[in-house]
Amino acid sequence: MKKEISILGIESTCDETSAALLKGGRELVSNVIYSQIEEHKKYHGVVPELASRAHAAKIATVIAEALGDRPLDYVAFASGPGLPGGLMVGRVAAQTLAEFKQVPLIGVNHLEGHLFACNFEETQAQERLQFPLVALIVSGGHTELWYVKGYGDYKVLGRTRDDAAGEAFDKVAKLLGLPYPGGPQVSKQALNGRRDAIAFPRPLLPGTWEFSFSGIKTAVSYYLRDHQHINIADVCASFEMAMVDTLVTKTLLAAKKYKVKHIAVGGGVAANTLLRQLMNERGASQGVEVHFVERKLSSDNAAMIALVAYKKLQYAEQTGKPLKANINIDPNMKVRRWG
Ligand code: KG4
Ligand code: ZN
């Protein structure tokens, strides 16, 4: 593999249309993100049909802006998990570009992208992630806990049984009449509230590494139903605390059980300030170092897709094993070992 290869990443799994150009595995030449939030706002969540249309309308200009007239060695796109319509738009755009430019096409798991985004820091030449580690991937569509031995070497410990963490934030925001996306809105309100005002449940599901957040959301809806005068700030602060406490407690338990000294946290919810604070504090007291994704790469973006593709190419070269191109889209794609 030549040293300065250029990979164009494409991301279209949910409600961001994005393309990014990564050079030599570390230089992010561009990372163009078109967010569809305005389109979905009035529905308080992502409407799949609207998302597909917006991806179709935007993807060509987003790619043109990210690539310009620069040279290209590979095209990578997120082939799953995600909404089928968005995945199809991404695949068609990626394949068309790859065939036109006569370069190989690589499919990438979107959730691996969220993990690899934790490895990126523009100002640092060195890699941040140290293995083995426990990874918490928390977004609007997914909440997963992985044991990661090295690049491409994963064991999924648990997933959510119902709502994803971001989804719970979005649904509680909707109950409170706050705009979509709910996470940042709930956090903002919570700044003026008391974390211990209301005792919402912490569903730890002992004996499993799974999560379940619909019970916390239901507890909030019962609280709103049963109280006439509510303090929104207290509800938000107590809800956020219940969510974050559950995420931090389970992740640190997993780190202890698997005897790891490193944790990585990626995905849209990784932008949450309380999560960052408590995971860092409690992690430090357990001798664990926590690597949070940089805020600007926490939500969906194509840089993370190109980062995974680069590592996959490197892995194929180092091990002599053929690269698994994974170009068939799969809305329910599970993370798989590379080897
Ligand atoms: O990773 P992402 O951009 O999209 C998916 O792949 O789902 O994550 C979006 C999710 C939304 O549910 C949003 O409410 C949540 O991340 N989120 C937050 C915060 N910022 C975004 N949740 C809690 N606190 C935040 N500060
Ligand atoms: Zn995502």
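Every number for a ligand or one of its atoms is a count from 1 in the order of the listing.
Atoms of ligand 1 lying under 4.0 Å from any heavy atom of Gly268, numbered from 1 in the order shown and given with element: 1 (O), 2 (P), 8 (O), 16 (O), 17 (N), 18 (C), 19 (C), 20 (N), 21 (C). Listed by number with element, the atoms of ligand 1 under 4.0 Å from a non-hydrogen atom of Pro184 are 19 (C), 20 (N), 21 (C), 25 (C). Close contacts between ligand 1 and His110 involve ligand atoms 6 (O) [criterion: under 4.0 Å to a heavy atom]. For ligand 1, the atoms sitting less than 4.0 Å from at least one non-hydrogen atom of Gly141 are 7 (O), numbered in the order shown with element in parentheses. Listed by atom number, the atoms of ligand 1 under 4.0 Å from Gly166 heavy atoms are 12 (O).
In terms of distance to the Zn ion (ligand 2), the nearest N, O or S atom of Asp300 is named OD1.
With a 4.5 Å cut-off on side-chain heavy atoms, Leu115 and Val335 do not count as touching. At least one side-chain heavy atom of Lys101 sits less than 4.5 Å from a side-chain heavy atom of Leu97. You'll find the side chain of Glu240 reaches within 4.5 Å of the side chain of Phe169, heavy atoms only. At a threshold of 4.5 Å between non-hydrogen side-chain atoms, the residues Val244 and Leu278 count as touching.
Side-chain atoms of Ser18 and Asp300 form no donor-acceptor pair, as typed in the model, at a separation below 3.5 Å.
Taking the six-membered ring where the residue is Trp, the centroids of Tyr74 and Tyr310 are separated by 6.0 Å or more. Between Tyr151 and Tyr315, the gap from one ring centroid to the other reaches at least 6.0 Å.
Counting only heavy atoms of the protein, atom 3 (O) of ligand 1 lies nearest to Ser299 CB, 3.0 Å. Protein heavy atom closest to atom 15 (C) of ligand 1, with residue, atom name and distance, is Val269 CG2, 3.9 Å. Protein heavy atom at the shortest distance from atom 24 (N) of ligand 1 is Asn272 ND2, 2.9 Å. Looking from atom 18 (C) of ligand 1 to the surrounding protein, the closest heavy atom is Gly183 CA, 3.6 Å.
Screening Arg337, Arg336, Lys311 against Asp153 for a salt bridge (Lys or Arg N to Asp or Glu O under 4.0 Å) leaves a single residue, Arg337. No option in Asp162, Asp170, Asp163 other than Asp163 meets the salt bridge (Lys or Arg N to Asp or Glu O under 4.0 Å) test with Lys217.
Of the options Gly182, Gly140, Gly266, the smallest heavy-atom separation from atom 10 (C) of ligand 1 is shown by Gly140.
Here Cys14 fails the criterion, with no N, O or S atom under 2.8 Å of the Zn ion (ligand 2). Among the atoms of His114, an N, O or S atom is found under 2.8 Å from the Zn ion (ligand 2).
Taking the six-membered ring for Trp and thresholds of 30 and 60 degrees, Phe211 and Phe213 have nearly parallel ring planes, at less than 30 degrees apart. Note: Trp338 and Tyr154 have perpendicular aromatic rings, judged against thresholds of 30 and 60 degrees for the angle between ring planes.
In the displayed structure, Glu65 atom CD is contacted under 6.0 Å by at most 12 heavy atoms of other residues, nucleotides or ligands.
Every N/O-N/O distance between Gly267 and ligand 1 stays at or above 3.5 Å. Considering backbone and side-chain N/O atoms, Thr273 never comes within less than 3.5 Å of an N/O atom of ligand 1. Between Asp170 and ligand 1, a contact under 3.5 Å exists for at least one N or O pair.
Residue contacts with ligand 1: His114 is included, with a non-hydrogen atom under 4.0 Å away. Taking a 4.0 Å cut-off on heavy atoms, His142 fails to register as neighbouring ligand 1.
When non-hydrogen atoms are compared, ligand 1 lies under 4.0 Å from neither the backbone nor the side chain of Cys14. The proximity of Asp300 to ligand 1, defined as any non-hydrogen pair under 4.0 Å, involves the side chain as well as the backbone.
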